[in-house]
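In what follows, every heavy atom counts, from backbone to side chain, and hydrogens, waters and symmetry copies are set aside.
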Amino acid sequence: GQQVMQIPQYQHVQEGEDFTTYCNSSTTLSNIQWYKQRPGGHPVFLIQLVKSGEVKKQKRLTFQFGEAKKNSSLHITATQTTDVGTYFCAGMEYGNKLVFGAGTILRVKS
Amino acid sequence: DTAVSQTPKYLVTQMGNDKSIKCEQNLGHDTMYWYKQDSKKFLKIMFSYNNKELIINETVPNRFSPKSPDKAHLNLHINSLELGDSAVYFCASSQGTFWASPYEQYFGPGTRLTVT
């Protein structure tokens, strides 16, 4: 079945450093979504990427969808303490359900 | 206004008991979901309903039974609770489903179930 692998599992950065999490699918995706879950909270939708090679930005967050539509990344520039949380990618095959990656837990030292 | 709400927020119960979790969404969405998040934060889909019809039924013990009385509600009933059922259960909704966009999901606040 469809699998979505996400790395790293955990990252601890100094405030102001950059952070990247990567997502890889075993199959071609129709779209990929990213969610953020704050500690003790629930997943919150951040963005959806649909087109091959697509790049979208939200302030300090940059999202990319690979040319083959099998991988994606989320890059945060100059992390802040408010960025703390777990970041999930979720990939959808054509006509199939959304499958979540295992998440990357981000901790930021101030 | 709360978009997706769940009750209760916390549930502590003993092994062997039966319990229910309720979910309501006021977004007018057609699709609702139940997810289980374990202690390692892994989010696993359990069930999904589209317009009250079951469309996703993952490999879940049949002690778990969802019920959707209408489009805005999706409840989860669990029989004969076991220690391994301890987790956070999230309800979610989306306007579309995997055959019709938009697919982004809106999650409820979660129900932390602890089985002792």
Whatever's closer than 4.5 Å to a heavy atom in chain A on B:Leu43 counts as both
Looking at B:Phe42, I'd like to know if its CZ atom is crowded, meaning that more than 12 non-hydrogen atoms belonging to other residues, nucleotides or ligands lie closer than 6.0 Å.
yes
Minimal heavy-atom distance between B:Gln105 and A:Tyr35, with the atoms involved, is N-OH, 2.9 Å
Just wondering, are more than 12 heavy atoms of other shown residues or ligands nearer than 6.0 Å to NZ in B:Lys41?
-> yes
Contact list (residues 60-91 of chain A to chain B, heavy-atom gap under 4.5 Å, by number) returns A:Thr86, A:Phe88
So, the part of B:Tyr35 with a heavy atom under 4.5 Å from chain A: the answer is side chain
Review point. If you group Ile, Leu, Val, Met, Phe, Trp and Tyr by side-chain heavy-atom gaps below 4.5 Å, do B:Val88 and B:Leu83 land in one group?
Key: no
Item to check | Hphob cluster co-occupancy, B:Val4 + B:Met32, side-chain heavy atoms under 4.5 angstrom | outcome: no
Problem - Between B:Gln37 and A:Gln37, a side-chain donor and acceptor under 3.5 Å - result: yes
ask   = Are B:Ile56 and B:Tyr49 linked, directly or through other ILVMFWY residues, by side chains that come within less than 4.5 angstrom of each other?
value = no
- Message: Let me check something: do B:Phe47 and B:Leu81 share a hydrophobic cluster, defined by ILVMFWY side-chain heavy atoms less than 4.5 Å apart, either directly or through other members?
- Response: yes
Ranked by heavy-atom pairs below 4.5 Å to chain B, first place among A:Pro43, A:Gly101, A:Gly103 goes to A:Pro43
Margin query: Looking at B:Lys22, I want to see if its NZ is surrounded by more than 12 non-hydrogen atoms of other residues, nucleotides or ligands under 6.0 Å.
Written below: no
By residue number, those in residues 57-66 of chain B with heavy atoms under 4.5 Å from heavy atoms of chain A are B:Glu58
One should read off an interatomic distance between B:Tyr103 OH and A:Met92 CE, to the nearest 0.5 angstrom, of 5.5 Å
I'd like to know if A:Leu98 and B:Phe90 are part of one continuous hydrophobic network [Ile/Leu/Val/Met/Phe/Trp/Tyr, side-chain heavy atoms within less than 4.5 Å]. yes
*asked:* Heavy-atom count check: over 12 atoms from other residues, nucleotides or ligands less than 6.0 Å from A:Gln14 CD?
replied: yes
